[in-house]
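These notes concern the structure reproduced below.
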Amino acid sequence: MLGGLRLRRARSSCESLSTFAVGFQPSTPSDLPPDANLKLLCLDGRLSEALWEMAVLATEVMFRGYDALVTECVNRRALTEGRRVHAHMIKTSYRPPVYLDTRLLIMYDKCGVLADAREVFDGMPQRNVVSWTAMISAYSQRGYQSEALGLFRWMLRTGVPPNQFTLATVLASCTGPQGLEHGREVHSLAIKNNYESHVYVGSSLLNMYAKASEIQDARKVFDMLPDRDVVSCTSIISGYAQLGHDEEALEVFQKLYKQGMECNYVTFVSLLTSLAGLSALDYGKQVHGLVIRQQVPFYVILQNTLIYMYGRCGSLSYSRRVFESMPERTVISWNAMLVGYGNHGLGREVIALFKSMRNVKPDHVTYTAVLSGCSHGGLADEGLKIFNSMVTEKVMQPEIGHYACVVDLLGRAGKIEKALEFIKGMPLEPTTAMWGSLLGACRVHGNISAGEYTAQRLLCIEPENAGNYVILSNIYADAGRWENVIRVRELMKEKTIMKEPGRSWIYLNKIVHTFHSSDRTHPQRDEVHAKVRDLYEKIKEAGYAPNLSCVLHDVDDEQKERILLGHSEKLAIAFGIMSGPQDGILRVTKNLRICVDCHNFAKLVSLVSGREISVRDSKRFHLFANGECSCGDFW
DNA sequence: ATAGGGTTAG
C-alpha cells in the first residue's frame, strides 16, 4: 500500500500522467522493495522522475536503487544529477559498499571531473582492484602518467594484486623518457601474474614497446600472442608505421591478411599511412578498393588518411575526389588537401581552397600548410600577406613553424637581409629548419656573405648534417671560390658526419626497386649504371655539366663525376626510363633532399626523353617536364 | 563495475 501512495505522490510531480510508470506491476506491491519503482524509472531512462522518487523515498533508497541511479547518470554523463544522488547518500547517512563508491568514482570520471573522482577514491574505507583500476584509468586517459603510475605503485604496496584490466591500463601510461623502464617492470609483473598472453595486455605491451621505439620487443610480444584480434594486429602494423618502418608495416599486413586477419578502419588508417610514406600508389589504390568492398563505414579519419595518402603518392586528383565525396569534413580534411597542393607547388590552388573553407575554423596547421604552400608555389607576397593577417586580425598567435614559413617566404623573394632581421626580431629561438631554408635561399640568390653567416649558425646547431655543408659548398662553387670549397670539405671532415644514406625508389608493377648511392646490389645494376652513362652523354649535348661541388669527398674530378652519377635518384630515374612502358609519369621517391646536380640531371632527362618525371624528396614534389621543374629551381 | 589500436604540419 505504501507503494501505491508513493506512486501517487510521484505522479503529482509528473506532467505526462498517461505515460507514467511503464512496466510497473501492481499485483503484490508489498513484496517489492521500497525503491522498486525508482529502479524501473531509471531503466526506462526517466532520470528526473527517478530523482524525484529518490527525494521522496529519503532513507528508503537501497543499494539497487542507488546503483540504477548512478548507472543512468554514467550513461548520460549527467553530472548535476549524479551529484544529487551522491549528496542524497550523504544526507541520509547511507554508507555505500565498495561497489557503489567505485560507481560514484566512475560517474565523476566519466562526467569529466577528475578531482571529485579522486575525492571519492580518497574517502573510500576500502578499495578493491576495480576501484584502483578505475582511478588509474581516469588519470591515464587524461595523460596524467606519473599520477597513474604512482597510484599503481601505491596499489601494489597495499597488497592488491593487479588484474588484466589494471595491467592494460597502466601500460598506456608507460610512455615518455622513463616509460620503457616502467613498462618493462609492468611486463615482468604481467608474466608473474600469467597475463602476458592476454589479448588486451599483449596489445598494450606491444604498444608500449613500439612507443619506446623498441620494435623488436613489440614484435616478440606480438609473435607470442596465442589469440590475436583486430586490435593486436593493428597495433603491430601501426607500431611499424609510426616508427617509419613502412616496408615492415606493409609486409606484416600482407602476411596477416593472408592469414585472414580482420580489418577495420583503424587498420586501414595505419596501413595507408605507411603506404603514403612508401609512395606506393598502386597499393594505396588497392587498399582503397578494399575499404570500399569491405563496406568500412566512411569515417572522416579514414577519408582524411586517404586524402593524405594520395597526396603523398603524387595523385592529387584522387585526393580531391575523396575530398569532394565527403559528406562531412573536419579541419584536418582541409589541411590534408592543402598540404597536398602545397607539396606539389600549386600555390594558387592552396589559396583558392583556403579561401573556400566553410564550416570549419582554420587552425595552426592550416596556416602552416597555406604559408608553406605559398612558399613552394612561388607566391611570396601572398604568403606574407596571409601571415600579417594572422597577426593583425588576431586569428591566432603565430607559432615557431609559422615564423619558419615567413623566413622561407622572405628568402624565396630574395629578401635575405629582411629574413635575417626577422629572425633577430622573433620572440622565439631560431630552428635548424629556419637556418636551413635561409641557406637554401642564399644559394639560389648567390648571397655569399649571408650564406656564410647562416651556415655558421646552422653548423653550430646541426654539425652532423652533411646536406648543409653541400649547400655551402654549392654557394662557393657558384661564385668560383674554389679555395672555400676545399675549406668546407675539410670542415666537414673534422666533424664526424653521421649521414643518413641516400636512398631512392621506384615502383614498377607493384615491385619496389630501391637504389642506394653507387648501388652495387640491384640485380640489373650494370644495365642501370650504363643507362645513367647513356643519359649523361645525351644531356651533355643539351648543356648539362656535372656540378662537382655537390661532392665533398677529397678525390679527383673524375672520381667526383663517378660519385655524382652514382646518386640514387639518378639510378632510379635511369631504371624507370629503361624499364618503361613508356607512358605516364615516372615517379621516383627519395628519402633526403634532392641535390642540385640531380635536379639539373632530371630536368634535362625530361627534356631529351620526353617523359614527365616526378621526384618526391623529403621536402616536396618536383615535377620535371620539358627541361623545367615545377619548383622553379627553389627548394 | 575497471582494459588495448587511428588522421593533417615540421
Side-chain angles (χ1 to χ4, degrees), chain A residues 67 70-71 74 97-107 109-110 127-138 140-141 162-172 195 198-208 210-211 218 221-222 225 229-239 241-242 263-273 276 299-309 311-312 319 329-340 342-343 363-373 399-405 408 431-434 436-437 618-619:
Chain A
D67 185 26
V70 177
T71 300
V74 171
V98 188
Y99 173 92
L100 262 185
D101 265 337
T102 307
R103 297 288 291 150
L104 280 171
L105 186 167
I106 293 164
M107 183 274 294
D109 171 32
K110 301 284 183 214
R127 303 179 189 109
N128 61 20
V129 64
V130 182
S131 346
W132 282 101
T133 305
M135 197 66 235
I136 293 168
S137 165
S140 168
Q141 290 188 351
N163 64 12
Q164 66 274 40
F165 290 84
T166 326
L167 295 169
T169 305
V170 79
L171 280 166
Y195 286 121
H198 185 276
V199 217
Y200 278 61
V201 177
S203 42
S204 299
L205 274 172
L206 81 86
N207 275 312
M208 180 274 294
K211 279 180 199 147
V221 172
F222 180 75
L225 282 180
D229 64 358
V230 214
V231 177
S232 43
C233 290
T234 304
S235 295
I236 191 67
I237 295 168
S238 91
Q242 279 169 18
C263 300
N264 62 19
Y265 84 103
V266 183
T267 322
F268 290 127
V269 165
S270 301
L271 179 61
L272 287 166
T273 307
Y299 291 105
V300 176
I301 293 177
L302 180 50
Q303 293 174 307
N304 291 348
T305 310
L306 282 166
I307 295 173
Y308 171 66
M309 181 277 292
R312 290 279 281 167
S319 287
R329 303 185 186 108
T330 62
V331 67
I332 295 181
S333 325
W334 293 88
N335 292 349
M337 200 66 233
L338 288 166
V339 168
N343 283 340
D363 65 4
H364 59 110
V365 178
T366 314
Y367 276 93
T368 311
V370 172
L371 294 174
S372 94
E399 294 174 11
I400 188 84
H402 301 131
Y403 286 105
C405 289
D408 207 46
T431 60
T432 53
M434 275 178 207
S437 79
S618 60
K619 219 173 165 197

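Model, not experiment: these values are computed from the prediction. Throughout, a chain's letter reflects where its sequence line sits, starting with A, and its residues are numbered from 1.
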Legend entry - Partner set under ring pair (Phe, Tyr, Trp, His ring centres under 6.0 Å) for A:Tyr265, not counting sequence neighbours: A:Tyr299
Inset, instruction - Quickly work out the A:Asn264 CG to B:dG4 C1' distance and round it to whole Å. - result: 13 Å
Legend entry - B:dG5 OP1/OP2 closer than 4.0 Å to side-chain N/O of A:Gln242: no
Legend entry - Nearest-angstrom distance from the residue atom CZ of A:Phe165 to C1' of B:dA1: 9 Å
Legend entry - Quiz item: A:Thr234 side-chain donor-acceptor pair to B:dG5 base, under 3.5 Å: yes
Legend entry - Expected output: side-chain A:Asp101 to main-chain A:Leu104 donor-acceptor under 3.5 Å: no
Inset, instruction - Identify whether any heavy atom of A:Val199 sits under 4.0 Å from a base atom; if not, whether one sits that close to sugar-phosphate; answer base, sugar-phosphate or nothing. - result: base
Inset, instruction - Please list, chain by chain and in numerical order, all residues satisfying ring pair (Phe, Tyr, Trp, His ring centres under 6.0 Å) with A:Tyr367, sequence neighbours excluded. - result: A:Phe354
Nucleotides 8-10 of chain B: which of its N/O atoms have a protein N/O under 3.5 Å away?
unit_1	atom_1	unit_2	atom_2	d
B:dT8	O2	A:Asn335	ND2	2.9

Inset, instruction - Using a heavy-atom cut-off of under 4.0 Å over every strand shown, decide if A:Thr71 touches base, sugar-phosphate, or nothing. - result: nothing
Legend entry - A:Thr102 side-chain N/O to B:dA1 phosphate OP1/OP2 under 4.0 Å: no
Inset, instruction - Could you tell me whether A:Val269 contacts a base, only the sugar-phosphate backbone, or nothing, with contacts defined as non-hydrogen atoms closer than 4.0 Å? - result: sugar-phosphate
Inset, instruction - For A:Asn128, report the nucleic acid contact type (base, sugar-phosphate, nothing); a contact means any heavy atom under 4.0 Å. - result: base
Legend entry - Between B:dG5 (P) and A:Tyr265 (OH): distance, integer Å: 12 Å
Legend entry - Between P of B:dG4 and CG of A:Leu225, the distance in whole Å: 16 Å
Legend entry - Rounded distance (Å) that lies between atom P of B:dT2 and atom CG of A:Asp109: 10 Å
Legend entry - Closest nucleotide among B:dG5, B:dA3, B:dA1 to the A:Gln141 side chain: B:dA3
Inset, instruction - Quick one: list whatever passes side chain to side chain donor-acceptor pair (under 3.5 Å) with A:Asn335, sequence neighbours left out. - result: A:Asp363, A:Thr366
Inset, instruction - Give one of base, sugar-phosphate or nothing for A:Ser203, where a contact means two heavy atoms less than 4.0 Å apart. - result: base
Inset, instruction - Respond yes when some side-chain nitrogen or oxygen of A:Gln303 is under 4.0 Å from OP1 or OP2 of B:dG6, and no when none is. - result: no
Inset, instruction - Verify the contact: side-chain N or O of A:Gln164 to OP1 or OP2 of B:dG4, cut-off strictly under 4.0 Å; return yes or no. - result: no
Legend entry - Value in whole Å for how far the P atom of B:dG5 lies from CD1 of A:Ile301: 13 Å
Legend entry - Euclidean distance, A:Thr234 OG1 relative to A:Ile237 CD1, rounded to 0.5 Å: 5.5 Å
Inset, instruction - Would you please name every residue forming a ring pair (Phe, Tyr, Trp, His ring centres under 6.0 Å) with A:Trp132, sequence neighbours left out? - result: A:Phe121, A:Trp154
Inset, instruction - Classify the nucleic acid contact of A:Val230 as base, sugar-phosphate or nothing, counting any heavy atom under 4.0 Å across all strands shown. - result: base
Legend entry - Among B:dA1, B:dA3, B:dT7, the nucleotide that comes nearest once only the side chain of A:Thr305 is considered: B:dT7
Legend entry - Partners meeting side chain to side chain donor-acceptor pair (under 3.5 Å) with A:Thr368 (sequence neighbours left out): A:His402
Legend entry - Nucleotide B:dA1, atom C1' - distance to CD1 of A:Ile136 in whole Å: 15 Å
Inset, instruction - Round to the nearest Å and state the distance from A:Tyr299 atom OH to B:dG5 atom C1'. - result: 14 Å
Inset, instruction - Using a 4.0 Å heavy-atom cut-off across all strands, classify A:Asp229 as base, sugar-phosphate, or nothing. - result: base
Inset, instruction - Would you kindly say whether A:Asp229 and A:Ser232 are connected by a side-chain donor-acceptor distance under 3.5 Å? - result: yes
